[in-house]
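Numbers here are sequence positions counted from 1.
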Amino acid sequence: MNIRKIKNGEFDKVFEILKDSFPKEEYRTYEEQKKLLDNPFYTIYVLPNSEDKGITAFIAVWQFENFAYVEHFAVSSHHRNKNLGSKILNEVAKMLSCPLCLEVELPETDNAKRRIEFYKRNGFFYNDYKYFQPPFHKGKSPIPLAIMTYKGSIDKDEFEKIKAVLYREVYNI
């Protein structure tokens with residue numbers, strides 16, 4: 001699998017997949033999202049599509065001292081349901097070789113339950129601690145989510161440490 005870091009000129013393609021895959025409340029504006037590429041903790045990995053020189057999938061990761069946080073992960077709508085998501089997730093987990101975490105919606109809808117089950121099948125554990133994603137846009141409310149961790153669950157102290165890093169480094173609060 002040819003997963004690599006994003007190259008100059010590919011951000012627009014990634015942002016299109018992001019907009020197609022996530023509710024507007026769950027990502028920054030184009031300018032804010034692109035500016036993250038200057039942050040040393042933040043990297044976007046892509047799976048290029050050699051057929052049309054597009055992007056098949058991407059995974060945006062914040063790599064901190066003790067763990068990596070998967071902020072966004074999406075497969076282009078034209079390439080979904082081909083088991084690519086599992087392959088990409090496992091490949092990136094091997095590349096990073098550190099504990100991983102990510103946010104998921106609470107299991108209140110069929111889509112959210114399906115997403116959680118996907119991550120569980122790929123080695124993630126659902127940690128049932130109260131967590132809110134701070135809003136990306138002024139005037140919006142925090143979003144109740146859950147933290148999933150790769151290769152094992154975490155205790156309350158570990159959860160609080162992860163939450164503190166995310167709030168400080170990712171959400172600037």
| request: Taking side-chain hydrogen bond (donor to acceptor under 3.5 Å, both in side chains) as the test, write out the residues that go with Thr29, two or more places apart. | output: Glu32
| said: Are the side chains of Ile59 and His72 in contact, using a 4.5 Å heavy-atom criterion? | reply: no
| task | With sequence neighbours left out, write down each residue that passes side-chain hydrogen bond (donor to acceptor under 3.5 Å, both in side chains) with Asn122, or none if nothing qualifies. | result | Ser86, Asn90
| Do Leu89 and Phe22 sit in the same hydrophobic cluster, where Ile, Leu, Val, Met, Phe, Trp and Tyr count as joined when their side-chain heavy atoms come under 4.5 Å apart? | no
| Stepwise side chain to side chain contact (heavy atoms under 4.5 Å, CB included) check, Leu145 with Val104 | CA-CA 6 Å; Leu145 298 175; Val104 290; over 6 Å; no
| Between CE of Met148 and OH of Tyr126, what distance do you get to the nearest 0.5 Å? | 8.5 Å
| field | Residue pairs, two or more places apart or on separate chains, that pass salt bridge (charged side-chain N to carboxylate O under 4.0 Å, His left out) and touch residues 137-157 | value | Lys156-Glu160
| Below 4.5 Å, heavy atoms only, C-beta onward: do Tyr42 and Lys35 meet side chain to side chain? | no
| Minimum heavy-atom distance Ala112-Pro107, with the two atoms named | CB-CA, 4.3 Å
| Where is the tightest heavy-atom contact between Ile147 and Cys101, given as atom of each residue plus distance? | CG2-CB, 4.1 Å
| remark: Interatomic distance, CZ@Phe67 vs NZ@Lys161, rounded to 0.5 Å, equals 11.5 Å
| Taking side chain as C-beta onward, heavy atoms only, is Pro48 less than 4.5 Å from Asn2? | yes
| task | Identify, with sequence neighbours excluded, every residue that meets ring pair (Phe, Tyr, Trp, His ring centres under 6.0 Å) alongside Phe58. | result | none
| query | So do Pro135 and Pro142 actually touch side chain to side chain, heavy atoms under 4.5 Å? | reply | yes
| said: Enumerate the salt bridge (charged side-chain N to carboxylate O under 4.0 Å, His left out) contacts for residues 3-13, please, sequence neighbours excluded, ordered by first and then second residue. | reply: Arg4-Glu10
| Pair Trp62 and Phe41, ring centroids less than 6.0 Å apart | no
| task | Quick one: pull up CG in Asn66 and CD in Glu158 and give me the separation to the nearest 0.5 Å. | result | 10.0 Å
| task | For Ile55 and Leu47, run side chain to side chain contact (heavy atoms under 4.5 Å, CB included): C-alpha distance rounded to whole Å, both residues' side-chain angles, the deciding distance at 0.1 Å, then the answer. | result | CA-CA 6 Å; Ile55 300 296; Leu47 177 62; over 6 Å; no
| query | Quick one: ring pair (Phe, Tyr, Trp, His ring centres under 6.0 Å) pairs with a partner in residues 77-121, sequence neighbours left out? | reply | Tyr119-Phe124
| request: Mind jotting down which residue pairs meet the side chain to side chain donor-acceptor pair (under 3.5 Å) criterion with at least one end in residues 91-103? Sequence neighbours excluded, please. | output: Tyr69-Glu103, Glu103-Tyr131, Glu103-Gln133, Glu103-Tyr171
| Which pair of non-hydrogen atoms, one from Phe73 and one from Gly85, has the smallest distance, and what is that distance? | CZ-O, 3.3 Å
| remark: Contacts satisfying salt bridge (charged side-chain N to carboxylate O under 4.0 Å, His left out) that involve residues 118-127 (not counting sequence neighbours) are Glu117-Lys120
| task | Kindly give the heavy-atom pair with the smallest separation between Ala74 and Ile17, and that separation in Å. | result | CB-CG2, 3.8 Å
| Which pair of heavy atoms, one from Leu100 and one from Ala93, lies closest together, and at what distance? | CD1-CB, 3.6 Å
| remark: To the nearest 0.5 Å, atom CD1 of Ile162 lies from atom CZ of Phe64 at 10.5 Å
| query | Closest approach of Ala68 and Val61, non-hydrogen atoms and distance? | reply | CB-CG1, 3.9 Å
| task | Indicate if Met95 and Val70 have the same hydrophobic cluster label, given that clusters are the connected sets of ILVMFWY residues with side-chain heavy-atom separations under 4.5 angstrom. | result | yes
| field | Residues that Thr149 engages under side-chain hydrogen bond (donor to acceptor under 3.5 Å, both in side chains), provided they are two or more places apart | value | Asn127
| query | With the 4.5 Å side-chain cut-off for hydrophobic clustering, are Ile154 and Leu166 part of the same group? | reply | yes
| Can you hop from Leu37 to Val14 via hydrophobic side chains spaced under 4.5 Å? | yes
| remark: Rounded to the nearest 0.5 angstrom, the OH-CG distance for Tyr150 and Leu96 is 10.5 Å
| Among all residues two or more places apart in sequence or in another chain, which pass the ring pair (Phe, Tyr, Trp, His ring centres under 6.0 Å) test with Phe125? | none
| message | Show, in sequence, the C-alpha distance, side-chain angles and deciding distance for Val92 and Ile3, and conclude whether the side chain to side chain contact (heavy atoms under 4.5 Å, CB included) test is met. | response | CA-CA 8 Å; Val92 169; Ile3 296 171; 4.2 Å; yes
| said: Is there a side chain to side chain contact (heavy atoms under 4.5 Å, CB included) between Ile6 and Tyr45? Walk through the geometry before answering. | reply: CA-CA 6 Å; Ile6 191 172; Tyr45 297 93; over 6 Å; no
| request: With sequence neighbours excluded, give me every salt bridge (charged side-chain N to carboxylate O under 4.0 Å, His left out) pair touching residues 17-30. | output: Glu16-Lys19, Asp20-Arg80, Arg28-Glu71
| query | Just wondering, do Leu36 and Asp38 contact through their side chains at under 4.5 Å, heavy atoms? | reply | no
| query | What ring pair (Phe, Tyr, Trp, His ring centres under 6.0 Å) pairs are there with at least one residue in residues 91-115, not counting sequence neighbours? | reply | none
